[in-house]
Structures are given as C-alpha cells and as structure tokens.
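Letters A, B, ... mirror the listed sequences (proteins, then strands); counts begin at 1.
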There are 2 protein chains.
Amino acid sequence: MSERRTQILDAAATLISERGFTSTSVDDVIKGAKLSGKSHFYHYFKSKEELGYEVLNRQFERFAERGLAILREPMIDPLERLSLFIDAVVALQSESGGRRGSPFGNLAAELADAHEGFRVRIEAVFERWASQIRSLLWEARPQLQDDVDAVRLSRFIIAALEGAVLMTRVKRDLSVLEGIAADLKRFIAMHVRDGAAMPTHRNLE
Amino acid sequence: MSERRTQILDAAATLISERGFTSTSVDDVIKGAKLSGKSHFYHYFKSKEELGYEVLNRQFERFAERGLAILREPMIDPLERLSLFIDAVVALQSESGGRRGSPFGNLAAELADAHEGFRVRIEAVFERWASQIRSLLWEARPQLQDDVDAVRLSRFIIAALEGAVLMTRVKRDLSVLEGIAADLKRFIAMHVRDGAAMPTHRNLE
DNA sequence: CGAAATTAGGACCGTATGGTCCTAATCGCA
DNA sequence: TGCGATTAGGACCATACGGTCCTAATTTCG
C-alpha cells in the first residue's frame with residue numbers, strides 16, 4: 001500500500017468523521033492530503049464511494065487493533081477483558097475530546113437508509129464486532145448464568161456503547177459516556193452466575 | 001399555522017428522516033410538498049436551516065404526544081409506564097418497517113459536530129426527554145433502591161434506545177430493537193427495591 | 001369592492017460538486 | 001539509458017445547490 005494512499009485515507013478518515021461522508025468533498029480530501037489536484041486523487045481511487053469503503057475498512061482495522069484486540073487477550077479473565085474493552089472504548093472517545101462519534105455509528109446514521117453499499121459494509125462491521133463479543137461470552141460461559149443469550153447481550157452492549165457515544169457528542173460531556181459505561185458493566189455483571197466469583201472486582205462490581 | 005406550512009414541514013420531515021438534512025435539497029422539499037417553485041417555499045421559510053429547526057421541533061412534539069405522554073399517565077404505576085413507554089418506542093419504529101431511525105439520533109449523528117445550531121437544539125430535545133424519565137423515576141422512588149442515580153439511569157435508557165434504533169436500521173431487523181428493549185427492561189428491573197412488588201409482571205419481570 | 005395574503009412560474013446567480021481529460025515534469029529502478 | 005509509475009497542475013463539464021428577484025394570477029376576508 002503506497003504511502004500516498006494511506007495519506008489520503010488518513011486525511012479522508014479525519015474529514016469524514018468530522019463532517020460525515022456526504023459533506024466531505026473530494027476537493028477537501030485533496031487539500032487535507034496535500035495532493036496536487038483531482039487527477040492525482042483519481043490516480044489512487046476510482047471514485048469517492050470507493051474511498052469511503054476503504055476508509056470504513058481502515059477504521060474497523062484500527063478499532064480491531066486498539067479495541068477489539070483486548071477481547072482476545074489470552075491471559076486475562078474473559079469478563080475482566082470485557083470490562084477493559086469498555087474502558088478502551090471510553091478512552092478512544094476521550095482522544096477526540098468527546099467530539100467525533102464512532103465512525104461506524106456516524107456512517108450508519110448517515111447512510112444506512114440512503115446507500116445500500118455502505119449499509120451492507122457497516123452491517124458487516126457490527127457483525128464482526130458482535131461476533132468477537134459472542135466468542136468472549138462463550139468463553140466466559142462457566143461464569144455466566146445458563147440462560148444468557150450471547151447474541152442478544154452482544155447486541156445490547158454495542159447498542160449501548162454506540163448510543164452513549166452519540167449522546168456524549170451531543171452533550172459535549174465525556175462523563176455521559178463514563179456513566180453509561182459503568183452502568184453497562186453493571187448490566188453485564190447481572191448475568192454472572194450467583195456462585196461464580198467476579199474477576200478482580202476492579203472493573204465489574 | 002397555515003396548512004401549507006404544515007404540508008411543507010411534513011414533507012420535509014419525511015425526506016430528512018430518510019436522507020438526512022444535508023442530502024435533502026430545498027427542491028426536493030418543494031417537490032414533496034407540491035409547491036410551485038422556490039419563491040413559494042421561501043414565502044414560508046426564510047432558509048433551509050430554519051426549516052430544519054422547525055422540523056426538529058415538530059418531530060419532538062410528535063414524539064412527546066405519542067411516546068413521552070405515556071410516562072405521565074396518572075393512573076398507571078410508574079414503572080409499568082416506563083415499560084409501556086419502551087414498548088411505544090418499539091412500536092413507533094415498527095411503523096417505518098424498521099427503516100428510518102430516530103429523527104433525533106439521525107440529526108445528532110449528522111450535525112452534532114458540524115452545526116452548532118442544530119447541536120444545541122438536539123441537546124435540548126434529549127434533555128427534555130431525560131427530564132421526563134427523571135420525573136418518573138422520582139415518582140417511582142419508593143419502589144427503587146436508594147442508590148439509584150436518576151440522571152445516569154435516564155441517560156442510559158435513552159442511549160440504549162437510540163443505539164438500538166440505529167442498529168436495527170443497519171441490520172434491517174426489528175427483532176434487534178425488540179431484544180434490546182427487553183434487556184433494557186431487565187436492567188431497569190435491577191434497580192427495583194428487593195421488597196417492592198413489581199407492577200403487573202406483564203412488562204417488567 | 002378592494003387590499004392583503006397566497007399561489008404560480010420562471011429567470012438568474014454564485015458557488016460547489018464528482019468526475020474526465022490532457023500535458024508535462026519528476027522519480028525509482030532494471 | 002529508458003520505461004513505467006508517480007506527481008503536478010490546469011481546463012473543462014454537467015449537474016446540483018441555496019437563495020434572490022420579478023411578474024402575474026388567484027384566493028381570502030374585512
């Protein structure tokens with residue numbers, strides 16, 4: 001992957017997460033990536049749409065590395081991992097100072113109804129995310145109550161986090177996300193088997 | 001309020017909730033409301049922005065009448081009301097066949113970072129919504145545990161619902177929302193005082 | 001009736017959009 | 001040395017955007 005390409009993708013990612021896909025023009029991206037002109041851009045991408053798809057992919061990869069990876073840490077108790085993952089989402093959001101939503105939630109709200117190509121790709125992103133959580137819940141099965149529905153619980157976690165990021169952005173107040181994250185942990189703890197010991201009690205309580 | 005005006009507002013509300021504010025052009029609204037031309041439109045609204053504000057207001061009023069009103073029903077137990085309200089959100093979403101998100105969540109994701117005027121108005125909407133839930137929780141105080149934080153819980157409920165609507169739209173599957181709504185009720189039930197009887201057990205369990 | 005509000009319809013403007021095409025300079029590398 | 005990939009930069013295009021202005025017909029209502 002050429003350096004210029006990633007430069008363009010990075011600039012586009014920033015712009016899209018700030019203004020949305022539709023409101024980000026190709027000329028904006030060119031300016032942001034300091035390209036010489038349109039032909040320079042179209043040398044690397046065949047259309048703005050394709051750029052958008054690649055940006056989404058990279059955002060997910062980045063999230064997979066910096067967020068979802070925690071869900072697979074082999075040396076940590078699964079439920080503790082889940083709690084650390086929630087912390088990581090809060091931390092990632094803090095980086096942008098509470099501004100800027102989840103890149104997935106943003107694109108979802110903007111394009112889910114209007115653009116089938118994006119909708120399908122965003123759906124795939126959420127599915128991969130949910131699947132990671134499901135695996136973790138499966139692993140934590142001995143500590144969980146028998147009737148825990150991993151599919152439903154994983155969806156609930158994602159929805160709560162996405163909704164929390166959205167509200168945090170609207171209120172411009174990070175403590176909104178922190179509060180919801182804490183409540184979400186309590187909700188998860190609700191599914192723990194009575195006899196099972198809670199991991200470290202640092203994060204889930 | 002003249003009939004034409006509401007006609008324009010209704011057409012705009014539909015278009016905006018389908019394609020977002022930015023992607024809805026004044027010409028689209030004119031077509032949708034069957035106006036004769038631009039001057040006809042600008043006879044009623046001084047700008048597209050102002051139209052957007054009024055649409056948002058109307059969406060909230062509609063939501064207040066068809067949704068939030070349930071939270072204030074005087075003859076029903078407060079927690080039961082909360083449960084019925086969640087059902088109402090699901091029902092409202094069903095009307096659009098799972099498509100179309102919350103008009104607030106949509107605008108929030110699209111404009112919260114980009115347009116301060118909208119951000120402030122959307123924040124006010126969420127605040128009024130949260131305040132209704134807080135009142136209800138205050139009313140339900142005797143049935144709730146002492147340490148229930150009404151501010152936090154109300155935010156959690158809204159975030160979960162907004163996130164749920166978003167995911168439902170992406171997956172084009174209403175059962176996602178139904179599942180999250182059910183889990184949300186269980187989370188609320190978690191805050192009920194041990195001794196207190198659950199209302200009808202029909203909705204909260 | 002007559003004035004005011006509403007409807008109708010079109011011309012126009014400056015700006016921005018995604019995208020194409022073309023020429024020429026520079027670069028890495030075999 | 002020479003070839004292909006990259007960089008540079010500009011002209012151009014059809015379309016769309018929000019918004020203004022103007023004229024004239026029609027309706028509403030005191």
- Query: Does B:Asp10 offer a backbone N or O that forms a donor-acceptor pair with the side chain of B:Thr14 under 3.5 Å?
  - Reply: yes
- Query: Less than 4.0 Å between a side-chain N and a carboxylate O, is that true for B:Glu116 and B:Arg119?
  - Reply: yes
Tell me the interatomic distance from [X], atom [atom1], to [N], atom [atom2], rounded to whole angstroms.
{"X": "B:His43", "N": "D:dT27", "atom1": "NE2", "atom2": "C1'", "value": "12 Å"}
{"X": "B:Tyr44", "N": "C:dA5", "atom1": "OH", "atom2": "C1'", "value": "8 Å"}
{"X": "A:Phe41", "N": "C:dC21", "atom1": "CZ", "atom2": "P", "value": "16 Å"}
{"X": "A:Leu35", "N": "D:dA5", "atom1": "CG", "atom2": "C1'", "value": "16 Å"}
{"X": "B:His40", "N": "D:dA25", "atom1": "NE2", "atom2": "P", "value": "17 Å"}
{"X": "B:Glu3", "N": "D:dT28", "atom1": "CD", "atom2": "C1'", "value": "14 Å"}
{"X": "A:Ile30", "N": "C:dG19", "atom1": "CD1", "atom2": "P", "value": "11 Å"}
{"X": "B:Tyr42", "N": "C:dT6", "atom1": "OH", "atom2": "P", "value": "19 Å"}

Interface polar pairs with nucleotides 10-17 of chain C, N/O, under 3.5 angstrom:
| unit_1 | atom_1 | unit_2 | atom_2 | d |
| --- | --- | --- | --- | --- |
| C:dG10 | O6 | B:Ser39 | OG | 3.3 |
| C:dT17 | OP1 | A:Ser25 | OG | 3.4 |

- Aromatic rings B:Phe156 and B:Phe187: how do their planes relate, parallel, tilted or perpendicular, breaks at 30° and 60°? tilted
- Hey, what do you get for CE (B:Met190) to CG (A:Asp183), rounding to the nearest 0.5 Å? 7.5 Å
- Hits for side-chain contact (heavy atoms from CB on, under 4.5 Å) against A:Leu92, two or more places apart or cross-chain, chain-then-number order -> A:Phe63, A:Arg66, A:Glu95
- Task: Please list, chain by chain and in numerical order, all residues satisfying side-chain contact (heavy atoms from CB on, under 4.5 Å) with A:Val125, sequence neighbours excluded.
- Result: A:Leu56, A:Phe60, A:Phe104
- Task: Compare side-chain N and O positions of B:Arg4 against OP1 and OP2 of C:dT7 and report whether any pair is under 4.0 Å apart.
- Result: yes
